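Notes for the one structure printed next.
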Amino acid sequence: MRRNSLDNLFGGNRLFRLRRRRSIVVLAATGLLVTACSGGGPEVEAATSDFAPGECSGTYVASDLAHTTTTLNSTPTQADATGTGVTAEDLDDDGDVDLVLPNLRGELSVFWNDGDGGFERTAATDGRFRQALVADTSGDGRRDLVMVTGVGPPVVLTQPENPTGVQWPSAVLDRATVVGYSGSIGDIGGDGSLDLVTSSYNAELTAARDPRVLRGEDTGIILYELESGPVVVNGNDDEPGELLTEQSQGLVTTIADLDNDGRQDIYVGNDLGTPDRVWINPGTGLEVVSPFAESSLSTMGMDIADINNDGLMDMYTTDMAPLADEDPQLWVPINADIEAATTDEVQKPRNVLQLGTGAAFNRGFGQGFDEQGRELGVHATGWSWSSLLADLDNDGLTDVFVVNGMNAVGLFDPPFGPELVEPNQVFGNTGQGFAPRLDWGLNDTSGGRGAAVADLDGDGDLDIVVNNLNQPTVLFENQLCGGGSIIVEPTWEGVANLDALGAEVTLEFGNDTRIQQITSTRGYLSTSATQAHFGLGDWSGQATATVRWPDGAVSSHQVSANQRLDVKRISPPEAAQ
């Protein structure tokens, strides 16, 4: 695929013409309903802004960003080959989504969305980082970065007052020692505070002969409760945090409401045949459950959404399964490793698409989800990393995007090695299943790892950013123009959980109802903008958006098609009132 070059096409930082939103209308919250108290509901401020029409070429248009995630060697080791993620979030609170791109060697790039046609790139720091999580860790109202490294405890980068001209101050998370490879931030207690879960990837540490994993210490899945500073407040001085398990090959860690009870749970997707782990949150402490009758063997990416619009959360995880047109000889050594790693009947060497059943997870093995990946045609997408569930063509149905590729020394036998070149995969939701959409222009072969979706140019559809390995990061501008949309972004003033992580947004329009969650992590080592995006198809009119806040309080608001609704809560958690 031929791509536009950021420098050659527009010069400097110009990437594409951002279409500014036009009118802004301030609204009052209507139909307020609070489950936690008998008062008039949470105090909120709401505003709508119109989308302007975008360009309509009928496809995605790819452009390179001025960032390349670089490995220590031109042919990566297997540890480097797993790459890094990408974070899309509004860091400077100006209404436009910025980008953070970690690196394995060199500069960590921040691309500031100027809202007027381009991005300004700055380097926040140098170092080896896997994932960037966003949170106000210092309590000053600015979004900081919690960097997960893979080789040590999390590193906190505090956003300075003028962040574009200086490197960000850094410090290891207070008293933390446990290695984290992947992580997620949430509000498990629903009280406006922040929780951080990290998971180690013990295979990388073992390959490096790291003495910690050899001794069985400072590895595993750990839950930190944070206060401003950031300070870990659970655990003790010797062992801060709550160690959930010492066994971890956690390529993906997510805090989200998996069982539809309004409280955030924990999911960790493990590589190398280690079973995926789920902790549910019934409100009385975390409980380990087994909601899967089938799961991926080597889980590499994960996303959660209501795919079939039945009001229940569904889950899609990616693994390694060859594409239909690939030479089977290429996969012979890989299949041998897969067979050696298979230890039970639950884990399958393929992607799985888990449809929520509504059954209580704690009733027994395999109660929570019904696996339908093969039936719906999304089970074998190659060597797959980030998996994203999003309505890419604004037709009201959730589509599937998968990032592909692998390049590592000694991994593939001659004449196939050392790189597995596979196109990224995208499947459109037909309402009956999923169909490949090669015409959307997303089948790049640059070797991606992390990916994020966000409306970067303010036109109401979802653009995609893919962080490749030893190739420039690619931004895919959405020019499908398939239908209308509404975007809802809740924020919470005066608490640490300023992005309202754990909120659920319900949109009622016409005879349809859609739900989405606000979570900090999606895909592989990545964050998509903390907004709820709803495609509308050809429907137009006024809809009702209802936000169920992390503490259970509820507010409802009116919004029209092709508008963005910003809802800022300014009242404290219900328990604090």
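Being a predicted model, the structure only gives us computed values, none of them experimental.
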query = Should the pair R143-D499 be classified as a salt bridge under the 4.0 Å nitrogen-to-oxygen rule?
reply =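 Answer for the salt bridge query: yes.
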
query = So does D257 pair up with R548, basic N to acidic O under 4.0 Å?
reply =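 Looking at D257 and R548, the cut-off is met.
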
Minimum heavy-atom separation for [X] and [Y], please, with both atom names.
X    : Y    : value
I255 : T519 : O-CG2, 3.8 Å
G250 : S182 : O-OG, 2.7 Å
G458 : F51  : O-CD2, 3.5 Å
P472 : L65  : CB-O, 3.9 Å
N470 : P76  : ND2-CG, 3.8 Å
V97  : Q531 : CG2-NE2, 4.0 Å

Could you check whether any side-chain N or O of [X] sits under 3.5 Å from a backbone N or O of [Y], counting only pairs where one atom can act as donor and the other as acceptor?
X    : Y    : result
S526 : V86  : yes
N429 : T398 : yes
S386 : Y524 : yes
N404 : P423 : yes
T84  : N467 : no
Q347 : G273 : yes
D306 : R514 : no
N478 : L462 : yes
T357 : A359 : yes
D265 : N281 : yes

So [Y] and [X], do their side chains get closer than 4.5 Å, heavy atoms only?
X    : Y    : value
L525 : T82  : no
D187 : W549 : no
T299 : V352 : no
Q131 : T521 : yes
L353 : F434 : yes
N202 : T274 : no
D303 : V400 : no
V453 : F401 : no

Kindly compute the distance separating [atom1] ([X]) from [atom2] ([Y]), expressed to the nearest 0.5 Å.
X    : Y    : atom1 : atom2 : result
W383 : L420 : CH2   : CG    : 7.5 Å
I304 : T317 : CD1   : OG1   : 11.5 Å
Q471 : H67  : CD    : NE2   : 12.5 Å
S290 : D276 : OG    : CG    : 11.0 Å
L251 : L272 : CG    : CG    : 7.5 Å
D370 : F292 : CG    : CZ    : 12.5 Å

request  = Look at the rings of F361 and F369 and say which category their plane angle falls in: under 30° parallel, 30 to 60° tilted, over 60° perpendicular.
outcome  =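 Rings of F361 and F369: tilted, 30 to 60°.
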
message = With a 6.0 Å cut-off (strictly less than), is the heavy-atom count around CD of E326, excluding the residue itself, greater than 12?
response =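 Counting neighbours around CD of E326, more than 12 heavy atoms of other residues, nucleotides or ligands fall under 6.0 Å, so yes.
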
query = Got a sec: does the CG of D538 have more than 12 other heavy atoms crowding it under 6.0 Å?
reply =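 No, the 6.0 Å shell around CG holds no more than 12 heavy atoms from other groups.
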
task = Start with the C-alpha distance between V346 and F365, add both sets of side-chain angles, then the distance that settles side-chain contact (heavy atoms from CB on, under 4.5 Å), and finish with yes or no.
result = CA-CA 10 Å; V346 176; F365 175 77; 3.1 Å; yes

Strictly by modelled atom types, are [X] and [Y] linked by a side-chain donor-acceptor pair under 3.5 Å?
X    : Y    : answer
S200 : T219 : no
D271 : S298 : yes
S184 : S520 : yes
S248 : R277 : no
H533 : N394 : yes

request  = Applying side chain to side chain donor-acceptor pair (under 3.5 Å), run through S387 and N351 and close with a yes or a no.
outcome  = CA-CA 10 Å; S387 53; N351 305 343; over 6 Å; no

ask   = Does the side-chain contact (heavy atoms from CB on, under 4.5 Å) test come out yes or no for Y224 and V178, once each step is laid out?
value = CA-CA 11 Å; Y224 300 109; V178 175; 3.8 Å; yes

query = What residues form a ring-ring contact (aromatic ring centres under 6.0 Å, His included) with F534, not counting sequence neighbours?
reply =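 Checked F534 against ring-ring contact (aromatic ring centres under 6.0 Å, His included); zero matches.
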
request  = Return the set of residues passing ring-ring contact (aromatic ring centres under 6.0 Å, His included) with Y181 (not counting sequence neighbours), or none when no residue passes.
outcome  =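 Here the qualifying residues are Y201.
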
task = Mind running side-chain contact (heavy atoms from CB on, under 4.5 Å) on L536 and L507 for me, showing each step along the way?
result = CA-CA 10 Å; L536 304 175; L507 189 76; 4.0 Å; yes

Test side-chain contact (heavy atoms from CB on, under 4.5 Å) applied to D391 and D399, step by step = CA-CA 5 Å; D391 186 356; D399 308 305; 3.7 Å; yes

